[in-house]
Amino acid sequence: MSVKTFNRGLFLPHYKESTEDKAIANIALPGEVVIPLQQHIGAPCKAVVSVGDKVKIGQKIGDSEAFVSAAVFASVDGTVTAIEPRSNFTGADVESVVIEVAEKQEEPSWSDRDISNMSGDDIRAAIKEAGIVGMGGAAFPTNVKLSPPKPVDVVIINASECEPFLTCDHRVMVEMAEELVLGAKLIAKAVDAQQLIFGVETNKPDGIEAIKAQIEGEEGIEVAVTDVKYPQGAEKQLIYAATGREVPPGKLPLEVGVVVQNVGTAVAVYEACRFGKPLYERVLTVSGDAAANPGNVKVPIGTTIEHIIEQCGGFKDGKEPGKVVLGGPMTGFAQTRLDVPVVKGTSGILLFSEEMLVMSEHMPCVRCSRCVDHCPMYLYPNSISMNAEKGLYDQAAEWGAMDCFECGICVYVCPSNRPIVQLVRDTKKAQAAK
Ligand code: SF4
Ligand code: SF4
């Protein structure tokens, strides 16, 4: 078996042992869900329900006429009790629909459609109607990504899950391989791609086998087995590993005829096309050394992380964690409160003890160039951070801040613990405001 990879990057400890073999579990419903009207890149939705309305699971509660946007849906049966700003995972206040969960939940009924004859337009329409976004974290509306202005010949399903601790995509591969492959084929059909590649790291042998069993004997579909290296799941690095094509700086995968979609997204596409089921729930991983009972759970969008942690047994030994992160440890967002809701792009809730955190002061750059040597985008994180720190955002942008995809490797290797990713985010915000 030839193992593919990309240049640079880091071999990180992967810490997946505690959840990689744990089947996806359901948890008890919370008392209320908080569903932000913006969970995606693009225009925010406007509420299409009012306070006091009774809503059903899968009912559209927010929508937008903008092309780049994604509708949001009730994830439970219940009653709308508020439409107001609530804190989200970035710390920003976002207009949200709050639903009190009904005691009695009815089993939703979905249609059962023939997906074999769906055209590209049918597939995109079903995806848009279901409010699907990239579930690997980027949350870009999927129907927009599948409306390419240039020809696409390769679709890659990103099954790398290269961040330590996260195993939700791995479990989806193992437990829902048929749905995953059918969804991936629909994605390939939507963009008229002739080649479909599943990019999977070698540390998921059962996931590789499950996918291979579904595609056996089929032409134009393959599994690209990749090295366990971070950030193997970043689009440009995965495209290079799987196809040898290099996406130029500042350009999108489309430039080289490729579209990349995540595992969870492919399953959501299948469910939207076959059953007309909207995206109102997702699988995520609860892990970290301060988690009492790490696992993989399927939760309604809008469930607070506090409720999910409780349902997974709470904090280990009842001890408050030193840090709570939403997403992976390298690219996720540290949380200061636990009442924030899970959104479509939330892949994990990680709980870390004080002992696991290596907390040190930010120090000046010592020009060791480790960040430059490891950056998978060949950027100069030292120069970006030094300029951004002084508020020289144009200069930081000239050093390539806008090409940084915030993988966090430079922060990980920096002996001065420089807050480089935060300074990149500050630069992007300043440039966007211009
Ligand atoms: S500069 Fe950006 S892309 Fe390069 S290592 Fe740092 S976070 Fe990753
Ligand atoms: S790794 Fe840190 S200290 Fe070394 S050059 Fe980069 S920013 Fe400076």
Side-chain angles (χ1 to χ4, degrees), residues 1-17 19-20 134-138 140 154-174 180 184 195-212 222-247 249 252-253 256 258-266 285 287 325 327-332 345 347-348 350 370-371 373-379 381 403-413 421:
M1 178 173 71
S2 84
V3 175
K4 303 177 179 206
T5 193
F6 61 98
N7 300 322
R8 298 195 175 186
L10 270 185
F11 295 100
L12 297 173
H14 41 111
Y15 296 114
K16 294 177 190 270
E17 306 76 24
T19 56
E20 64 192 351
M135 292 169 73
F140 189 77
V154 179
V155 163
I156 300 179
I157 299 300
N158 185 355
S160 303
E161 203 166 47
C162 60
E163 285 229 34
F165 293 97
L166 300 182
T167 56
C168 54
D169 284 355
H170 182 175
R171 290 313 310 172
V172 168
M173 271 179 254
V174 172
L180 167 61
Q195 206 183 352
L196 174 58
I197 304 174
F198 293 82
V200 196
E201 288 187 340
T202 53
N203 61 353
K204 303 168 189 72
D206 48 354
I208 293 170
E209 286 316 309
I211 295 169
K212 280 187 172 170
E222 63 183 286
V223 176
V225 180
T226 59
D227 211 348
V228 184
K229 187 164 73 164
Y230 183 80
Q232 183 61 80
E235 282 193 337
K236 293 182 180 181
Q237 282 64 31
L238 183 57
I239 291 168
Y240 180 77
T243 67
R245 298 180 191 178
E246 287 187 54
V247 181
L252 296 171
V256 295
V258 180
V259 160
V260 181
Q261 289 288 350
N262 155 276
V263 163
T265 313
T285 302
S287 191
V325 174
M330 301 296 284
T331 60
S347 51
L350 305 182
R370 279 191 211 169
C371 56
D373 295 342
H374 285 90
C375 175
M377 293 300 291
Y378 296 84
L379 302 176
D403 282 329
C404 165
F405 63 96
E406 304 173 20
C407 69
I409 282 185
C410 49
V411 179
Y412 186 86
V413 297
V421 169

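Just so you know, these numbers come straight off a predicted model, no measurement behind them. Heavy atoms only: backbone and side chains are in, while hydrogens, waters and symmetry mates are out.
Looking at Leu12 and Tyr412, their side chains come closer than 4.5 Å, going by heavy atoms from C-beta outward. Taking 4.5 Å as the limit, every side-chain heavy atom of Asp403 sits out of range of all side-chain heavy atoms of Tyr378. A heavy-atom distance below 4.5 Å is found between the side chains of Ile409 and Tyr230. Counting heavy atoms from C-beta outward, Lys16 and His170 have side chains that stay 4.5 Å or more apart. Taking 4.5 Å as the limit, some side-chain heavy atom of Gln232 sits within range of a side-chain heavy atom of Thr5. Residues Phe405 and Pro231 form a side-chain contact, since some pair of their non-hydrogen atoms from C-beta on lies under 4.5 Å apart. Put simply, the side chain of Leu379 reaches to within 4.5 Å of the side chain of Cys375, judged on heavy atoms.
Between the side chain of Glu163 and the backbone N or O of Met330, at least one donor-acceptor pair lies under 3.5 Å. The closest donor-acceptor contact from the side chain of Ser347 to the backbone of Gly136 lies at 3.5 Å or more, if one exists at all. Of the possible donor and acceptor atoms, none in the side chain of Glu406 sits under 3.5 Å from a partner among the backbone N and O of Thr331.
Interatomic distance, Arg8 CZ to Lys229 NZ, rounded to the nearest 0.5 Å: 10.5 Å. Atom CD of Glu20 is separated from atom CZ of Phe165 by 12.5 Å, given to the nearest 0.5 angstrom. Note: Tyr15 OH to Leu350 CG = 12.0 Å, rounded to the nearest 0.5 Å.
Qualifying ring pair (Phe, Tyr, Trp, His ring centres under 6.0 Å) partners for Phe6, counting only residues two or more places apart in sequence or in other chains: none. Remark: Val228 pairs with His14, Glu201, Thr202, Asn203 by the side chain to side chain contact (heavy atoms under 4.5 Å, CB included) rule, at least two apart or across chains. By the side chain to side chain contact (heavy atoms under 4.5 Å, CB included) test, Val223 pairs with Phe198, Val200, Ile208, Ile211, Lys212, Ile215, Val225, sequence neighbours left out. Applying the side chain to side chain contact (heavy atoms under 4.5 Å, CB included) rule to Cys410 yields the partners Cys371, Pro381, Ile420; only residues at least two apart in sequence or on another chain are considered. Here Val154 pairs with Ile156, Gln195, Ile197, Thr243, Arg245, Val258 under the side chain to side chain contact (heavy atoms under 4.5 Å, CB included) rule; sequence neighbours left out.
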Donor-acceptor pairs under 3.5 Å, side chain of residues 233-240 to any protein atom, not counting sequence neighbours: which ones?
| residue | atom | partner | partner atom | Å |
| --- | --- | --- | --- | --- |
| Glu235 | OE2 | Lys145 | NZ | 2.8 |
| Lys236 | NZ | Lys251 | O | 3.2 |
| Gln237 | NE2 | Pro376 | O | 3.2 |

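The two atoms that bring Thr226 and Ala241 nearest to each other are CG2-CB, 4.3 Å, heavy atoms only. Annotation for Ile157 and Ala266: closest pair CD1-CB, 4.3 Å, computed over non-hydrogen atoms. In terms of heavy atoms, His374 sits closest to Leu10 at CD2-CD2, 3.4 Å. Contact record, Lys4 with Ala224: CD-CB, 4.2 Å, taken as the closest heavy-atom pair.
Paired with Asn158 under the rule side chain to side chain contact (heavy atoms under 4.5 Å, CB included), one option of Asp169, Val263, Val260, Thr265 passes, and it is Val260.
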